[in-house]
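Since this is a predicted model, take the numbers as computed values, not measurements.
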Amino acid sequence: MSPSAAPSPGDHRTPLATPARPGPDCAGSPVRVCVGEPSAATGLRGLGIDLTHKGKGTYRLRGRPAVRLLDENRAPIPVKVVAGTEKPVRTITLAPGESASAVLIWRNTVEAVDRPAVRAPYLEVTPAPGETPVVVRPPGGVDIGTTGRVTINPWAAS
């Protein structure tokens, strides 16, 4: 499905967000999830995941977003998702217009020459249990090499 195509009947995938101008890729309602450019230093990569409450009333988050790497057909790529411990888990209550952020961390390392390196062009983010997942396209994708793992840190107020 192209970013501008409407889903066909029976297609339960979230349509891709199409930014009006270059910048972060965003999707979702009543909360908006955005990803920016991955940052890389010495092979360690970090991708900020920002959530802005666009609805009414309050919106509560606790813990980490659920994330899945998706291939070019938006099928899940099997990887281990590790809970990051750099920040404490807190309950965050957002008023309309307020934001929270989490960070996806990985290393682009080739540890096994007998399997291909992984580059996921899409990322599925579920902000909280029971919420609808959204699909975003990080610039350059998520390139985990052959490590087979990513780390997700907990939500923090922005």
Side-chain angles (χ1 to χ4, degrees), residues 1-55 59 61 63-84 86-87 92 94 97-110 115-156 158:
M1 178 167 53
S2 71
S4 59
S8 61
D11 186 350
H12 301 289
R13 297 179 296 178
T14 305
L16 290 176
T18 305
R21 61 189 188 299
D25 189 23
C26 303
S29 175
V31 294
R32 183 177 169 104
V33 176
C34 299
V35 294
E37 190 77 33
S39 132
T42 63
L44 182 66
R45 310 244 198 291
L47 178 68
I49 301 171
D50 299 310
L51 176 145
T52 303
H53 177 29
K54 297 290 192 180
Y59 184 81
L61 292 167
R64 298 160 179 79
V67 295
R68 289 197 313 173
L69 303 184
L70 304 177
D71 68 15
E72 58 279 345
N73 297 315
R74 294 170 47 165
I77 298 171
V79 299
K80 182 177 182 179
V81 179
V82 178
E86 291 77 27
K87 295 180 180 178
I92 300 167
L94 302 175
E98 292 183 331
S99 299
S101 61
V103 179
L104 182 70
I105 301 168
W106 70 94
R107 286 200 178 275
N108 179 0
T109 306
V110 176
R115 59 182 191 255
V118 171
R119 180 191 256 345
Y122 301 107
L123 178 66
E124 181 184 88
V125 179
T126 305
E131 295 288 326
T132 301
V134 296
V135 176
V136 291
R137 188 174 193 153
V142 178
D143 56 343
I144 66 169
T146 60
T147 63
R149 65 185 170 272
V150 296
T151 300
I152 186 72
N153 283 331
W155 289 113
S158 298

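- Of all the heavy atoms in Leu47 and Gly36, the pair that sits closest is CD1-O, 3.1 Å.
- To the nearest 0.5 angstrom, Asn153 atom CG is 4.5 Å from Ile105 atom CD1.
- Looking at every heavy atom in both residues, Pro127 comes nearest to Leu61 through O-CD2, 3.7 Å.
- In this structure, the side-chain contact (heavy atoms from CB on, under 4.5 Å) partners of Asn108, at least two apart in sequence or on a different chain, are Arg45, Asp143.
- If you take CH2 on Trp106 and CG on Leu44, they are separated by 9.0 Å, rounding to the nearest 0.5 Å.
- To the nearest 0.5 angstrom, Ser158 atom OG is 8.0 Å from Ile92 atom CD1.
- To the nearest 0.5 angstrom, Arg64 atom CZ is 12.5 Å from Leu104 atom CG.
- Closest heavy-atom contact between Pro121 and Arg137: O-CG, 3.2 Å.
- Side-chain contact between Asp50 and Ser99 is absent, with no heavy-atom pair separated by less than 4.5 Å.
- Interatomic distance, Lys80 NZ to Thr151 OG1, rounded to the nearest 0.5 Å: 9.5 Å.
- Applying the side-chain contact (heavy atoms from CB on, under 4.5 Å) test to Thr147 and every residue at least two apart in sequence or in another chain returns Thr109, Glu111, Ile144, Arg149.
- Side-chain atoms of Trp155 never come within 3.5 Å of backbone atoms of Ala128 as a donor-acceptor pair (strictly under, hydrogens ignored).
- Nearest approach of Pro154 to Gly84, heavy atoms of both residues: CD-O, 3.9 Å.
- Applying the salt bridge (Lys or Arg N to Asp or Glu O under 4.0 Å) test to residues at least two apart or on different chains, the pairs with a partner in residues 121-133 are Arg68-Glu124.
- Of the listed residues (Val135, Ile77, Val136), just one forms a side chain to side chain contact (heavy atoms under 4.5 Å, CB included) with Leu70, and that residue is Val135.
- Nearest heavy-atom pair across Pro65 and Val125 is CB-CG1, 3.9 Å.
- Gly97 and Thr52 make their closest contact through O-CG2, 3.9 Å (heavy atoms, listed as atom of the first residue, atom of the second, distance).
- In this view, Val110 and Thr146 satisfy the side-chain contact (heavy atoms from CB on, under 4.5 Å) rule, not counting sequence neighbours.
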**Item:** Residue pair Leu51, Tyr59: steps toward the side chain to side chain contact (heavy atoms under 4.5 Å, CB included) verdict
**Value:** CA-CA 11 Å; Leu51 176 145; Tyr59 184 81; 4.2 Å; yes
